[in-house]
Number of protein chains: 2
Amino acid sequence: MKSDRKYRMTRQRQVILEEVKSGCHPTADQIYERVRKRLPQISMGTVYRNLDTLASLGFIRKMQPDHPQMRFDFNTKEHYHTTCMNCNRVDDMHIEPMDDTLENLGKALGKLTKFGIFGHRLEFIGLCPECSEQEKEFSLKGKNQIVKKGGVKLWN
Amino acid sequence: MKSDRKYRMTRQRQVILEEVKSGCHPTADQIYERVRKRLPQISMGTVYRNLDTLASLGFIRKMQPDHPQMRFDFNTKEHYHTTCMNCNRVDDMHIEPMDDTLENLGKALGKLTKFGIFGHRLEFIGLCPECSEQEKEFSLKGKNQIVKKGGVKLWN
DNA sequence: ATTGTTGCAAATATTTTGCATCAAT
DNA sequence: ATTGATGCAAAATATTTGCAACAAT
């Protein structure tokens, strides 16, 4: 993405943005269905492209890392992970689970909302040693965005 | 899954388990590639089926919820989520981010491992009010497994 | 004119499933 | 014999992309 690109707020982009807002953490196809009621001609490609664009411009956020693949963990005990936003590598965090802090937080939440907590997941996002070493051209841009060699990359 | 089912530890299942262990949070296709070097006849279907089975038996863990779809969030500020392991609904946690606690933990980790932290993601897994109300037949089985009407369901 | 965006369709990527066969109890 | 697992191929699901046409600067 060139940095002097002039984005336009088209009707489609506007409606997609509104539907992300009014839905509750919707998936792309949920957004597509909602948008289609207002703009029957819209295509799935437009929805995906706009969700990407809106996320990279910071209007919305993707809730998972971009690589859409399940990962598997041999360690079944409660523990936390680090994810490299450049190479997608996942490592264990060698830090004790904050069960007390987080479970208590969970219980407090459960009492407030009647949401029953069975566990939690904590993940730190950043750059693994190899990637921060190899690539010197990372820099922070705003909050939650990192620029890499002229392109913008979101961590979520 | 019937509860009196007799699982067998086949050669394929054994090798898949070993390769999950020796890899670093591998994806299904990474496991497939590794296993294929030892069992050239193996098929992708066998790998996926065994990863499911091994996870439901508690030998390994899936690292994300089962639904393989990206979700989008209109709220770009740091905040946490609850995920219902029954209906997959995602809601905001109306609790202040623990930036101090977690960012400090992150910095400590960064110093230890040279992993550069840019942010974190915290998610509570459980049952939303509707699902815990509707379904009385949930019960905890071991750690991280929940039984629902005769079936076993993992939360990750 | 040039650049950005769209709709459509085709392609890619990921995961699941039906089924005949094989293996273990 | 019966149940469980495999390999293969097809299907299902999720996402991305090429391209001609259209729209805004």
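Remember, predicted model here, so these are calculated numbers, not experimental data. Below, read A as the first sequence line, B as the second, and so on, with proteins coming before strands; counting in each chain starts at 1. The analysis underlying the following values was restricted to heavy atoms, covering all of them including side chains, and did not include hydrogens, waters or symmetry mates.
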### Message
Pairing donors with acceptors under 3.5 angstrom, does anything connect the side chains of A/Arg121 and B/Thr83?
### Response
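No, no side-chain donor-acceptor pair sits under 3.5 Å.
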
Nearest whole Å is fine: how far is [N] [atom2] from [X] [atom1]?
X	N	atom1	atom2	result
A/Gln14	C/dT5	CD	P	14 Å
B/Leu39	D/dA5	CG	C1'	14 Å
B/Ile16	D/dA5	CD1	P	12 Å
B/Ile42	C/dC22	CD1	C1'	15 Å
A/Met9	C/dT5	CE	P	10 Å
A/Arg5	C/dG4	CZ	P	5 Å
A/Gln12	C/dT6	CD	P	5 Å
A/Asn50	C/dG4	CG	P	14 Å

#### Entry: Mutual orientation of the aromatic rings belonging to A/His120 and B/Phe124 [parallel < 30°, tilted 30-60°, perpendicular > 60°]
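Judged by the thresholds at 30° and 60°, the geometry between A/His120 and B/Phe124 is tilted.
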
### Message
Does C/dA23 have its OP1 or OP2 closer than 4.0 Å to a side-chain nitrogen or oxygen of B/Thr10?
### Response
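Negative; the distance criterion is not met.
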
Rounded distance [0.5 Å steps], [atom1] in [X] versus [atom2] in [Y]:
X	Y	atom1	atom2	value
B/His81	B/Asn75	NE2	CG	7.0 Å
A/Ser56	A/Leu51	OG	CG	11.0 Å
B/Met93	B/Leu122	CE	CG	6.5 Å

### Task
For B/Arg36, enumerate each residue passing the salt bridge (Lys or Arg N to Asp or Glu O under 4.0 Å) test, keeping only those at least two apart in sequence or located in another chain.
B/Glu33

### Query
Counting distance only, does the side-chain N/O of A/Arg13 pair as donor-acceptor with the main-chain N or O of A/Arg8 below 3.5 Å?
yes

#### Entry: Letter per nucleotide, 5' to 3', of nucleotides 20-25 of chain D [B base touched, S only sugar-phosphate touched, - untouched; heavy atoms, 4.0 Å]
---BB-

### Task
For nucleotides 12-18 of chain D, just jot down a letter per nucleotide in 5' to 3' order: B, S or -, based on protein non-hydrogen atoms under 4.0 Å.
--SBBBB

When you measure from the side chain of [X], which nucleotide among [options] comes out closest?
X	options	answer
A/Ser43	C/dG7, D/dG7, D/dT6	C/dG7
A/Gln41	C/dG7, D/dT6, C/dT6	C/dG7
B/Arg13	D/dA5, C/dG7, C/dG4	D/dA5

### Query
Are more than 12 heavy atoms from other residues, nucleotides or ligands located less than 6.0 Å from atom CZ of B/Phe59?
no

#### Entry: Residue that, paired with B/Ile16, satisfies side-chain contact (heavy atoms from CB on, under 4.5 Å) out of B/Val47, B/Ile60, B/Thr53
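Of all the options given, the one that passes is B/Val47.
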
